[in-house]
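Okay, so here's the structure we're looking at.
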Amino acid sequence: MTLKFHRRISFKLARAGVILAFILGGLLSSIQVYFDYLSHEKDFRDFIERVLQAARPPAVRAVHTLDARLAEEVVTGLMQYDYVHQVLIVDELGQTLAEGAKPVADSNTGWITSSIGAIYRTYPIALQMESYHQLQTGRMEVVVNMDKALEPFFNRAYYVLIIGIVRNMVLVLLLFIAFYYMITRPLISLAASFSEVNPEDPGDRRLRLPRSHDGDELGYLAQIGNQFLETLQKRLEERREAEETLRDSERQTRQIIDTVPHLIYAKDRNGAFVFVNQALASFYDRNITEIEGTDHHSLHHLISNLESVRFDNEDREVIDKQKVMFIPEHGLTDIYGRRRILQSNKIPFRFFGKPCALIVSVDITDRVEAQSRVEQLAFHDPLTGLPNRNLFYDRLTMDIARSRNHGAYGALLLIDLDNFKNINDSLGHSVGDELLRNVAKNLRNCLDEEITVGRLGGDEFTVIMPELGRTPEEAEQNANLIAAKVLSELSSPFFFNTQEFTVTASMGVALYPDKDANTEVILRYADTALFQAKHEGRNKMTIFKAEMADAVSKRLSIENELRTAVKDKALMFYYQPQVSVTDGRIIGAEALIRWNHPQRGLITPDEFVPVLENSNLILTAGLDMFTQACMQVKEWLDKGWWEEDMRVAINVSPKQFYQPEFVEQIIEILQATRLPAHCIELEVTESVVIQNVKDTINKMLSLKGLGVRFSLDDFGTGYSSLSYLKRLPVDCLKIDRSFVTDINSDVNDAAIVSTILAMAAHLDLEVVAEGVETVEHLEFLKENECDYYQGYLFSKPLPAAEMGELLRLQPKNPK
Ligand code: C2E
Ligand code: CA
Ligand code: CA
C-alpha cells in the first residue's frame with residue numbers, strides 16, 4: 001500500500017508547522033512592526049516639533065512684521081520636507097501671508113496609513129511674540145502627509161515581514177525533510193515489514209528498523225511489536241497444538257462412538273440429523289456424511305406415519321422443555337421393513353451451540369423376542385404351541401373361581417389318545433409328533449375362542465369349557481355336545497407320507513364348581529372319568545360322577561399301600577413254566593409279579609404295575625424283584641433242580657430300562673447273587689426298543705456280552721417291523737396271547753402266528769407262544785414248528801415253592 005502524500009505524518013507535521021510558523025511569525029512580526037511604529041512615530045513627532053520650533057520664530061517675525069517674503073521663505077523652507085503637504089501662514093487679521101501645497105500623490109500604503117489614523121495631520125501653531133502674551137497674533141498651519149512620514153517605517157516593515165515568511169518557509173521545509181527522514185520513512189519501512197508478517201503464522205519474520213533507531217521511540221515501537229509477534233507466534237503454536245490435541249481427542253471419541261453398536265445421533269428442532277454414529281448410518285444403509293443434514297423422512301420411507309409423528313414430537317419436547325426422556329420400549333420398522341424394538345434415551349444437548357436432542361437407541365428386538373420365547377416356553381407346549389400344564393392349571397383355577405362367583409358351571413375335559421403309543425412306538429417319533437400337532441390343530445379349530453385347549457404332555461390334551469350353563473344339567477348337556485364334536489373331529493383320518501392313520505380318544509369330563517373342590521380335585525375327577533372311559537373300552541367320553549371318586553381314592557390308596565409293600569418286600573414272583581412244544585420239557589419260566597395284600601390277598605399285576613410305573617416305585621421294586629428272582633433260581637441251581645441251559649424270563653418296564661445305570665445294576669445283582677448270566681432272559685417290549693434304538697441296542701449288547709438273553713414280549717401287537725427285528729440283538733420272540741387265543745378259529749390270527757414263526761425261523765430266533773390253554777392251540781403250534789410255549793394248558797403261574805417242586809420232579813435231561 002502506498003501512502004498518499006497529504007496523508008503522511010511528515011506532510012501533516014509540515015502543514016501544522018507552516019500554519020504555526022505563519023501565525024507565530026505573523027504575530028511576532030506584527031509586535032515587532034508595532035513597536036517599530038511606536039518608536040518611529042515618536043521620533044517623527046519629536047522631529048516635526050523641532051522643525052516647527054525652528055520655523056516658528058521667522059514665521060512670528062514675518063507675521064509681526066507682515067513680511068510676506070519672509071513668510072514665503074518659511075513656507076518654502078518647510079515645503080522642502082517630503083512629508084509636509086501644505087503650509088499656511090495667516091496674520092492677526094486672518095489674511096494669508098504665505099501658502100504652499102503639494103499635489104496629492106498616489107500611494108500604495110495609503111490604506112494602511114488611513115487605517116492607523118488620518119493621512120493628513122494638521123499642526124496649528126500660534127504665532128505670538130514673547131512680549132505680547134495676551135494678544136492674538138497670526139497663525140501657521142502645517143499639514144503633514146503621514147503616509148509620506150511613515151514611508152521609511154513601511155519599507156522596513158515590508159522587509160521584516162518578507163524575511164520572516166521566507167525564514168519560516170525554509171524552516172518548515174527543513175523540518176519536513178527532517179521529519180521525513182526521521183519519522184515518516186522509518187515508519188513506512190516499519191509498516192512495510194509489518195505488512196509482510198502473516199498474522200496466521202508470523203514464523204521468524206520480525207519488524208526491521210535501522211540500528212540508528214535503537215533506543216528511540218520507533219526502535220521501542222519495533223521492539224514492542226517484535227515482542228508482540230513473539231508472543232503471538234508462541235500462542236499460535238500453542239493453539240495449533242491444542243487444536244491438534246482436540247482433533248485427536250475428537251477422532252478418538254468419534255472412533256469410540258462409532259464402534260458402539262447402538263444408534264447414537266443428535267437432531268435439531270427441525271428434525272435434521274446434526275450428528276450420527278456408524279451404527280445409525282448402517283441402520284439406514286448410508287454413509288455418515290450422507291445422513292448429516294437430512295431428516296428421517298427422506299431416509300426412511302418405510303417408517304409408519306404414527307412412528308414418525310411420535311419421533312418428531314418427542315424430540316421437539318426434549319429440546320423445547322429441556323426434558324430427559326426414557327422410552328423403555330418402542331417399535332420401529334427398519335428400512336428393510338423389518339419390525340425392530342428399540343429402547344431409547346433422549347436428552348437435551350447443545351451441538352456447537354445449537355439446541356438439539358441427543359438420542360441413544362438400543363436395539364432390544366432379540367432380547368424381547370428371547371423373552372417372549374422364554375415366556376412362550378414357560379407357558380406353552382413347544383411341540384403344538386398350545387398352553388402347557390402351567391398355563392392350563394392357572395386358567396382352570398381362574399375359571400373355577402369365576403364360575404363359583406357367577407353361579408355358572410363350566411367343565412374340564414381330559415383327552416387321552418387311545419392308540420397313540422402304538423403309532424409312536426412303531427412309526428417313530430416324527431410321525432408321533434406330526435400326529436400330536438395335527439390333533440392340536442384340529443382341536444383348536446373345532447372349538448370356540450374362549451375355550452382353552454392345552455396339552456399336558458404325551459398324548460394327553462385338555463379342554464377348559466367355561467360358562468356351559470346355569471345348572472349342572474344344562475352344563476352337562478353342553479359338555480356332551482362339545483365332547484361329541486371333539487370325538488368326531490379326532491376320528492377323521494390323518495395322513496402322513498401318504499399313509500393313513502386314525503386316532504381315537506378317551507375323554508373324561510368333570511363339571512365345576514363342585515362344592516369346594518379345588519383345581520387339584522377337579523383335575524383328579526376328570527382323570528377318574530377318563531380312566532373310566534378307557535376302562536369301558538376307549539373311544540368314548542365319560543362324565544365324572546361322585547361314585548367314581550371311590551375309584552380314585554382306591555387308586556390313591558393302592559399307591560400308598562404299594563409304597564409300604566415295596567418297603568416291606570410284600571411283592572413276590574410267581575413262576576410260569578415255559579415248555580418245549582416237541583417234548584413237553586420245562587425249559588425255563590417267566591417270573592410274574594404278585595402282590596400279597598394283607599387284606600385283599602393276592603393281587604395281579606394289571607391292577608398295580610401301572611401304579612408302580614406311574615409313581616416311579618417300579619425303579620426300586622424292579623431291582624428288588626430282580627434280586628429275588630436271581631436268588632431263587634440260584635437256590636434251585638444249587639439244589640440241582642435248575643438245569644444249566646434253563647432261563648428265567650424277567651419283565652423289564654421301559655422306565656427301568658432307560659435308567660442310565662441299568663446295565664451296571666443288573667451286573668451288580670448277578671455278581672452279588674452269583675447267578676450265571678446265561679440263566680437270565682430279559683423281556684422287553686417293542687416300545688422300549690423304538691424310543692431310542694441306538695441306546696437300547698448298546699445296552700442290550702453289553703448285557704449280552706455277559707451271556708444275558710433277550711426276548712421281545714407281546715410280539716405282534718405293535719407295528720412290528722422286520723427292519724428293527726433284524727438289527728435287534730434278541731434271542732427270542734414272544735407271540736402275544738391275543739393271537740394264540742383264537743388261533744384255531746380266526747384265520748387272521750392263524751396267519752399272523754404262522755407268519756411270525758416263519759419270520760423267526762428265517763432270522764434264527766426262538767419263539768415262545770403265550771396263553772396256550774388248549775390242546776388245539778398246542779397242535780397248531782406243533783404243526784407250525786413253534787419251539788416253546790407257556791400257558792394254562794401246562795401250568796398257571798406258580799408260587800416259588802410249587803415251581804421248585806415241578807422242577808425237582810422233572811427228570812434230568814440226559815443230554
Ligand atoms: P405278560 O408279560 O404278557 O405276561 C403274561 C401274562 O399272561 C401273565 O399275566 C400270565 O399270567 C398270563 N397268562 C399266561 N398263560 C395264560 C393263559 O393260558 N391264559 C391266560 N388267560 N393268561 C395267561 P400276569 O401275570 O397277570 O401279568 C400281566 C402282565 O403284567 C404281564 O404280561 C407283564 O406285562 C406284567 N408283569 C408281570 N410281572 C411283571 C414284572 O415283574 N415286571 C413288569 N414290569 N411287568 C410285569
Ligand atoms: Ca412277559
Ligand atoms: Ca406277554
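Computed from heavy atoms alone, side chains included, the values below leave out hydrogens, waters and symmetry copies. Order of appearance sets the numbers: ligands from 1, and atoms from 1 within every ligand. Keep in mind it's a predicted model, so treat the numbers as computed, not measured.
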- request: Describe, in one word, how the ring planes of Phe794 and Tyr789 are oriented to each other, choosing from parallel (under 30°), tilted (30 to 60°) and perpendicular (over 60°).
  value: perpendicular
query: When only distance counts, is Asn651 in polar contact with ligand 1, meaning an N/O pair under 3.5 Å?
result: yes
message: Just to be sure I'm reading this right: ignoring hydrogens, which of Thr685, Val652, Leu592, Val609 gets closest to atom 8 (C) of ligand 1? Compare them by their nearest heavy atoms.
response: Leu592
- prompt: So which of Ala649, Ala629, Pro797 gets nearest to atom 11 (O) of ligand 1, if we judge by its closest heavy atom?
  reply: Pro797
- request: Run down the list Asp736, Asp714, Thr774, Leu793 and name the one with the heavy atom closest to atom 3 (O) of ligand 1.
  value: Asp714
query: For residues 738-761, which residue pairs qualify under side-chain hydrogen bond (donor to acceptor under 3.5 Å, both in side chains), counting only residues two or more places apart or in two chains?
result: Asp736-Ser738
- request: Look at Glu683 and state whether any of its N, O or S atoms is less than 3.0 Å from the Ca ion (ligand 2).
  value: yes
- request: Would you kindly check if the NZ (Lys) or CZ (Arg) of Lys699 is within the cone defined by 45 degrees around the ring axis of Phe662 and under 6.0 Å from the six-membered ring centre?
  value: no
- prompt: When you measure from the centre of the six-membered ring of Tyr788, is the NZ or CZ of Arg647 under 6.0 Å away and within 45° of the axis?
  reply: yes
Only pairs under 3.5 Å count here: list side-chain donor-acceptor contacts from residues 565-574, not counting sequence neighbours, and write none if there are none.
| residue | atom | partner | partner atom | Å |
| --- | --- | --- | --- | --- |
| Lys569 | NZ | Asp624 | OD2 | 3.3 |

query: Hey, does Tyr792 come in under 3.5 Å of ligand 1, counting only N/O atoms on both sides?
result: yes
task: Please determine if the Ca ion (ligand 2) has an N/O/S atom from Glu590 lying under 3.0 Å away.
output: yes
- line: Vertex the Ca ion (ligand 2), ends Asp713/OD2 and Asn651/OD1: angle to nearest 10° comes to 80°
task: With Lys534 as the cation and Phe531 as the aromatic partner, state whether NZ or CZ is under 6.0 Å from the six-membered ring centre and within 45° of the axis.
output: no
task: Flag Arg737 as yes when one of its N or O atoms lies below 3.5 Å from any N or O atom of ligand 1, and as no otherwise.
output: yes
